Structures are given as C-alpha cells and as structure tokens.
Protein chains: 2
Amino acid sequence: MTWRDPTGRTLADYPHPSVAVDVALLTVADDRLCVLLHEGRALPGTFLRIEETLRDAALRVLREKAGVSGEEPRQLAVFDDPARDDRGRVLSVAHVDLVPADRLTGALTPVDALPPLAFDHAAIVDAAVAWARAAHRDRPDPRGLLDEEFTLLELQRLHEAVHGGPLPKDAFRRRMQEHLIDTGTLSRGTVGKPARVFRRAPQETP
Amino acid sequence: MTWRDPTGRTLADYPHPSVAVDVALLTVADDRLCVLLHEGRALPGTFLRIEETLRDAALRVLREKAGVSGEEPRQLAVFDDPARDDRGRVLSVAHVDLVPADRLTGALTPVDALPPLAFDHAAIVDAAVAWARAAHRDRPDPRGLLDEEFTLLELQRLHEAVHGGPLPKDAFRRRMQEHLIDTGTLSRGTVGKPARVFRRAPQETP
DNA sequence: CCAATAGTGTCTGTAAGACAGTATTTC
DNA sequence: GAAATACTGTCTTACAGACACTATTGG
C-alpha cells in the first residue's frame, strides 16, 4: 500500500533532486598522501540507486572505478549548491576512504599538488584530508596502510605523509608505543641498528 | 537545454529517493540541555524542495516549527536506512542548531530523558549532542546562549548543562579567561562576592 | 558573625618538545 | 672504524586537576 499525503499524492509526485555519491579515495604512495582522480579532474562518483544505501553506492564506486572491494567508506558531508552540476539539481554525498596503494588501480595525485577539479570536488578533497589527519592523530594506523608488522620508522613515515610535514621523533614514539605490541623480533637487512618490529594493538574502527 | 545521457534520458527519468531535512534544535533550559520535539516523539523536519538548498530547508523548518529565524543550522550526516521511513525511500539529512531558550516556541525535552523517538531520530539527537559538546570544548559560548555580558558562574552553568555533568571550577576559569574580555563592571544584587562581568572575545563561527 | 559566592596560589602529575648521549648494525 | 639508524634519559615548559586559602558581599 503506497502512502499518500492529504491531497492524495504519493512521494513520487513531487520533484526530487538527484543524489550522487562521490568518493575521495586516499592512499599513501611514495610517502605522499594522494587521491584517486578520474580523468585527471574529478573524483569517482555515481548516482544513488533507489534501492541502495549510500554505503553500497560508495562501495560500488570503489569497486568499479578503483578496483578495490571490502572497504569502509565514510560519509563526510552533503554538497548541495544548486549550481554545482549543470545537468540538473544534484546533491552529492561526499565520502572518503583510505586504502593501501597496492590495492587500487587508477591515477593518483598528491593532495598538495591538485589540478583544478570539477564541480566542488576540491572542497571534498579538503574534507577528506582533514578526516584522514584526524583519524591518525591518536591512532597508529587506523586503516591498516602498513603491513601487519612494521617498525616505528615506517609508522612515522606514514604519519608524516598523512600529516604533510615532519613530526618530532621522540614524542611520536612515546605517544605511539602504548598503542602497539612489541613482537620481539627485529628488522633485518637495513643499514643501522635493527629496529624492533611492532603490531597494531586491537583497535576500534574509526 | 536539458542534459541527456547516452540513451537519451534526462536525470528525471531515473527514480530518485526523496530527501528530507530533520533538525535537532537544541537549547539550554533550567540548566539542562534540551531538544525540541514535535508531537513528543519526532524531530521537526520537511522534504527538501527541488530548488532549495539544505540550509534553506532547515531554516524553513526552524521558522515554521520552532518560530525562530536567522539561525545557523549545521549539517550532521545523512541517514539512509532503506527501511527508516515506511512512506518510501527517504534520505534524511540531519541538522543541528543551538539557540537561546527564550527565542523558540515548542515542547522541550531534556536530552538525557528522551522518550522513544520516531524513525532514527534518537541517533540524530546523539549526533547533535556530540556536536554541541565539541563546539563548547574550547569556546566560551559559541552560539550566544548567554547575554552579551555574563559572569564566569553563568558561563560554567551553561557548560555544565551542555556537558551533562560538573566541571572543575578553577581549571574551567583559567581555560576560559583567555577567550573573554573583562568589562570592568561587577555583578550586583546576588548573594556573595560580586563577580566580574565578561564579554565574549571576537569569535569565528563554529 | 554566618552563609555564600568570587577569585588566587600552590602542589602534583602528565605529556610534549628539545637535546644529548648510548647502542648496534652495515659497509 | 665510519656512517647510519635505533633507542633512552633528562631538562624545561605547559597545563589540568586537586586543594586550600583569602576576599567581598547580603543577611
């Protein structure tokens, strides 16, 4: 039974905006925080299907346009400038995700060297970067960008890439150690004193 | 000229979800953080009109259902459970606002004593409360709930209402004083030593 | 004087930044 | 042994929480 309002019309009788889902897919490549761009100037996106959740639409974008699956897209905000898309009234629900570089395919651009982007996608990338930085503020590796086991230097390089600048070494180590488990093994084959190898302590999803 | 996709269809030829805007309008009354409820069990809301921004829709809700105007609704998140509304596929873009109690009309309920709410409105209230607490963490009175001039005790009572519990007095005063301007005048007519009266230092919109 | 509130001074613990020093590997 | 990296100890500063004390009003 379809719902009808007091004048007998259903929801479908009112004009609705289209709802798009755009995803800022971040990764760290060559020690730099990068975003995946489609045709060099836009974030991958799609229109939300009527029976689909936003999360499912974002996963579909990731699967079809970046070749990754099983991720955890996170909602950022709705962008709703009436003039943002000249095809009509389109709301964009912006999402962010962060995955290891070796699991995705596509063109990566460092977030500190973006070309002019289509629509309002530059603002979406800004919000995505802010989210990634906040997620790393108090956690070692919230999205598992490193391998299961890693040294503190590798972890610091990840944080410096996300943060976009150098971090004080000793304070960083002290802050992180409480969230890490020492595996007891040592790194091998590098120049210098071998580093201790750590694992992530059990973490909640950010 | 209407945009058409490769098969000649316009955006309107695809089924679209409806987009609703729900607003958790918070205030502080009797030293408690409260939310305005419609019919005792739902947040005020409306459907987004095709030509309207989310912000304008939220302002319209506030004007028509709470009697306040000129506010600053803030987007929280999109709630999109396909089963959240049995009238059809309805996305809700949740908003929050925070205004002085004497400027609104409607039924207020303390947020720590909510009845069961319709749809997923309890989750929206949770997000709204979290936003209000974060907004007050490092700012004296981000939404101007107090008068132009106030004492530190009045400010602390506001923070304790938002925070939902007592705050240490001396640390609170020390943290806040740097964001306040001493007017030089003293409170009058109260029991006890007269308190200094402060104004907010110029602040950025949260 | 008493009750009540305002405001200050001090101690302690924690954490960050800075800096220096020691340890252990490769070459 | 030299270079490079890993780690540790200590000093300073800042700030929060706790506590106690003084100050100033109305009754």
Side-chain angles (χ1 to χ4, degrees), chain A residues 28 30-31 133-142 146-201 203, chain B residues 28 30-31 133-142 146-201 203:
Chain A
V28 173
D30 292 331
D31 289 335
R133 288 181 180 158
H136 282 79
R137 191 107 50 210
D138 290 308
R139 261 176 286 253
D141 183 16
L146 301 175
D147 297 335
E148 275 301 301
E149 305 196 331
F150 48 85
T151 67
L152 275 171
L153 179 61
E154 291 167 328
L155 183 61
Q156 184 166 355
R157 275 210 246 271
L158 165 64
H159 276 247
E160 289 179 338
V162 171
H163 178 261
L167 292 169
K169 173 176 154 183
D170 35 16
F172 177 79
R173 299 169 82 93
R174 273 184 298 229
R175 231 178 329 117
M176 286 300 155
Q177 289 221 31
E178 62 180 309
H179 303 294
L180 299 176
I181 295 168
D182 190 337
T183 63
T185 59
L186 294 176
S187 66
R188 299 281 305 265
T190 63
V191 144
K193 177 175 173 176
R196 299 205 307 242
V197 174
F198 295 88
R199 274 186 297 118
R200 284 175 282 278
Q203 55 182 324
Chain B
V28 173
D30 292 331
D31 290 334
R133 288 180 179 160
H136 283 78
R137 191 108 48 211
D138 290 309
R139 262 177 286 256
D141 183 16
L146 300 176
D147 297 334
E148 276 301 299
E149 305 195 332
F150 49 83
T151 66
L152 276 171
L153 179 60
E154 291 167 329
L155 183 61
Q156 184 167 354
R157 276 212 245 269
L158 166 64
H159 276 248
E160 290 179 338
V162 172
H163 178 262
L167 293 169
K169 172 178 153 181
D170 36 15
F172 177 80
R173 300 170 81 95
R174 274 185 298 233
R175 234 180 324 120
M176 286 301 154
Q177 290 222 29
E178 63 181 308
H179 303 295
L180 298 176
I181 296 169
D182 191 337
T183 63
T185 59
L186 295 177
S187 66
R188 298 280 304 265
T190 63
V191 144
K193 178 175 173 177
R196 298 205 309 243
V197 174
F198 295 87
R199 275 184 298 118
R200 286 175 280 278
Q203 56 180 324

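Within every chain, numbering begins at 1; the chains are lettered A, B, ... in the order of the sequence lines, protein sequences first and strands thereafter. Computed from a predicted structure; not experimentally measured.
Expressed to the nearest 0.5 Å, how far CG of A/L152 lies from CZ of A/R157 amounts to 12.0 Å.
Residues A/L167 and A/Q156 approach most closely at O-NE2, 3.1 Å, considering heavy atoms. Closest non-hydrogen pair, A/S187 versus A/P194, comes out as O-CB, 3.2 Å. Heavy atoms only, all atoms of each residue included: A/H179 and A/R175 are closest at CD2-O, 3.6 Å. Scanning all heavy atoms of the two residues, the minimum distance from A/R200 to A/E148 falls at NH2-OE2, 3.5 Å. Nearest heavy atoms, B/L158 versus B/P140: CD2-O, 4.2 Å.
Listed in residue order, the members of residues 153-175 of chain A having a heavy atom less than 4.0 Å from DNA chain C are A/P168, A/D170, A/A171, A/R174, A/R175.
Between the side chain of B/E154 and the backbone N or O of B/T151 there is at least one donor-acceptor pair closer than 3.5 Å.
Each end of the helix from C/dC1-D/dG27 to C/dC27-D/dG1 gets its own rotation axis from five pairs of C1' atoms, and the angle between them is 10° to the nearest 10 degrees.
Among residues at least two apart or in separate chains, salt bridge (Lys or Arg N to Asp or Glu O under 4.0 Å) pairs with a member in residues 181-194 of chain A are A/D182-A/R196.
For the pair B/F198 and B/L146, the minimum side-chain heavy-atom distance is 4.5 Å or more.
Residue-environment remark: CG (A/D31) exceeds the threshold of 12 foreign heavy atoms within 6.0 Å. Around the CG atom of B/D170, the shell of radius 6.0 Å holds more than 12 heavy atoms that belong to other residues, nucleotides or ligands.
The nucleotide range of DNA chain D contacted by chain A, defined by atoms under 4.0 angstrom from heavy atoms of the protein and reported 5' to 3', is D/dA4 to D/dT10.
Here B/H159 pairs with B/H136, B/F172 under the ring-ring contact (aromatic ring centres under 6.0 Å, His included) rule; sequence neighbours left out.
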Distances under 3.5 Å between nitrogen or oxygen atoms of protein and nucleotides 22-27 of chain C:
unit_1: C/dT24; atom_1: O2; unit_2: A/K193; atom_2: N; d: 3.4

